[in-house]
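Shown next, in structure tokens, is the structure this report addresses.
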There are 2 protein chains.
Amino acid sequence: MARYKVGLETRERILEATRTLLADVGVEGITLKAITDRAGVRAGSFYNLFETKEEAVLTVVRDAITAMDPGDEASDTLEDLVNAYVTFLTEQSSMAQVYLQIAVTTTSTNEPIRKRIAKGQQYRVERFTSALLRDVPHIGAAEAKARIESLIAALNGFGIARHIDRSFDLHGHTRRMLELTTAP
Amino acid sequence: MARYKVGLETRERILEATRTLLADVGVEGITLKAITDRAGVRAGSFYNLFETKEEAVLTVVRDAITAMDPGDEASDTLEDLVNAYVTFLTEQSSMAQVYLQIAVTTTSTNEPIRKRIAKGQQYRVERFTSALLRDVPHIGAAEAKARIESLIAALNGFGIARHIDRSFDLHGHTRRMLELTTAP
DNA sequence: GTCAAATTTGAGCATACACTCTATTTTGGA
DNA sequence: TCCAAAATAGAGTGTATGCTCAAATTTGAC
């Protein structure tokens, strides 16, 4: 448990190294050597701060899931919410990358994590649905929710498409999807 | 190189074991022991057929990418193409799962594979765009392509959403997305 | 049934891996 | 400056991992 300032900084360096390795190389590239090399520390330092390598990886995974959770601002329009999500996908790219990887690879052996992700997605659906109903109240709650579920899943698909092909027009497709979702 | 019938069958068993392990456990669970246990063979048999573990994994990856490639039928409607894709996502679930995992985790170190996936996606975009233009010719080629890119990325996002949450209505959302895409 | 080719087994090898533990160095407060 | 707590380095340990290789078994054609 880090107490001193240098320990806290080392911890953060280790987590950042783990995160960028996950994003860059994938889970198979996560060895202790790769983490410590990237963080600029040695094994002893690592184990002073984390009990196991697994603990560091799980911390990064939890951070990524938490980072993808919507904030609690009460006054956002759907457009603001969508743009914030897309901005996150593009600007926090290693965090978003870790999140998408987890979302795809989470298996029955990782049931708690899968549920955590599903819960975050449901929360996002609720928040985006509320925002949509403020914009177009007459479409009804069930229709609004269905539209938002499509929207959010599509945005995740757009994030992946952009990863595969850098020329994918993430903002253009987001705008199109937003127009279709908010159509009266 | 398998010559006898039993060798060919063993090879297929090994590939299937590798594929289902990738889908079930992810790349970190791919050890030689896990593969051979699941395939019901021993290490020597494995290495009679594959030079390295990596070769077996890459073969499975390539098979998954190839399986996701659209077929060459010339007369399909967009609805047929979309339904075939979605059926594949749901019924060939370990193959689709491997594909989505590869798509998300492919990194700069796997540039040839990323390009292979991007090429397959582009081909799918072309085929689906042609089908859309047969349905609604007046929207123009650029608009049709943009709509199809959104559609395909969204379908992939739907596949992931269903993986996270089994209650995600894949067919319902697909239908909605298809209607929006084909709107005049 | 025979027999050469193919396949399979499994003991063993080298090494990468996660981790321990002790000596040394650094930090931070008095 | 002192000193206890915290942090760090790195040699070493045990084991999991990918793979080799020779003996044994099976396959398939004649």
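Only heavy atoms go into these numbers, but all of them, side chains included; no hydrogens, no water, no symmetry mates. In what follows, every chain begins at residue 1, and chains take the letters A, B, ... in the order their sequences are listed.
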Query raised in the report: A:Leu32 side chain: which of C:dC19, C:dT7, D:dA9 is closest?
Result: C:dC19

Report summary line: Picking from C:dA6, C:dT8, D:dT17, the nucleotide nearest the side-chain atoms of B:Arg3 would be C:dA6

**Report entry** A:Ile35 CD1 to C:dA16 P, straight-line distance once rounded to whole Å
**Finding:** 18 Å

Query raised in the report: Under a single-linkage definition using a 4.5 Å side-chain heavy-atom cutoff for Ile, Leu, Val, Met, Phe, Trp and Tyr, are A:Leu180 and B:Phe158 assigned to the same hydrophobic cluster?
Result: no

**Report entry** Distance in angstrom units between A:Arg13 CZ and D:dA7 C1', rounded
**Finding:** 11 Å

Query - B:Val6 side chain, from C-beta outward: closest of D:dT27, C:dT20, C:dA18 - result: D:dT27

Query raised in the report: Roughly, in whole Å, what's the span from CG in B:Leu49 to C1' in C:dT9?
Result: 14 Å

Report summary line: When rounded to whole Å, the CD to P distance for the pair A:Glu28 and D:dG18 reads 12 Å

**Report entry** Under-4.0 Å salt bridge between B:Arg176 and A:Glu143
**Finding:** yes

Requested in this report: Could you check how far NZ of B:Lys53 sits from P of D:dT20, rounded to whole Å?
Outcome: 14 Å

Requested in this report: Run the salt-bridge test on A:Asp24 and A:Arg19 with the 4.0 Å N-O cut-off and return the result as yes or no.
Outcome: no

Requested in this report: Grab the CD-P distance between B:Glu55 and D:dG18 for me, whole Å please.
Outcome: 15 Å

Report summary line: On DNA chain C, more 5' by nearest nucleotide between B:Leu8 and A:Phe46 is B:Leu8

Query raised in the report: Where the side chain of A:Thr31 is concerned, which of C:dT8, C:dC17, D:dT20 is the nearest nucleotide?
Result: C:dC17

Report summary line: Closest of C:dT7, C:dC19, C:dG28 to the B:Tyr4 side chain is C:dT7

Report task. Look at the side-chain N and O atoms of B:Thr52 and state whether any lies under 4.0 Å from the OP1 or OP2 oxygen of D:dG18. Result -> no

Query raised in the report: Below 4.5 Å, heavy atoms only, C-beta onward: do A:Leu58 and A:Glu54 meet side chain to side chain?
Result: yes

Report task. Run the salt-bridge test on B:Arg116 and B:Asp69 with the 4.0 Å N-O cut-off and return the result as yes or no. Result -> yes

Requested in this report: Report which part of the nucleic acid A:Gly44 touches: base, sugar-phosphate, or nothing (heavy-atom distance under 4.0 Å, all strands).
Outcome: base

Query raised in the report: Does B:Thr10 have a side-chain nitrogen or oxygen under 4.0 Å from the phosphate oxygens OP1 or OP2 of C:dT8?
Result: yes

Report summary line: Separation between OG1 (B:Thr36) and CD1 (B:Ile14), nearest 0.5 Å, reads 8.5 Å

Query - side-chain N/O A:Ser45 vs D:dA7 OP1/OP2, d < 4.0 Å - result: no

Requested in this report: Rounded off to whole Å, could you give me the NZ-to-P distance for the A:Lys33 and C:dC19 pair?
Outcome: 17 Å

Query raised in the report: If you check the B:Arg42 side chain, which of C:dT9, C:dG28, C:dA6 turns out closest?
Result: C:dT9

Query raised in the report: Given D:dA9, D:dC19, C:dT7, which nucleotide is nearest the side-chain atoms of B:Asn48?
Result: C:dT7

Report task. Return the 5'-most residue of the pair B:Lys5, B:Tyr47 with respect to DNA chain D, ranking by each residue's nearest nucleotide. Result -> B:Tyr47

Report summary line: The nucleotide from C:dT7, D:dA7, C:dC19 with an atom nearest the side chain of A:Ala2 is D:dA7

Report summary line: note: B:Glu9, atom CD; D:dT26, atom C1'; distance rounded to Å ~ 13 Å

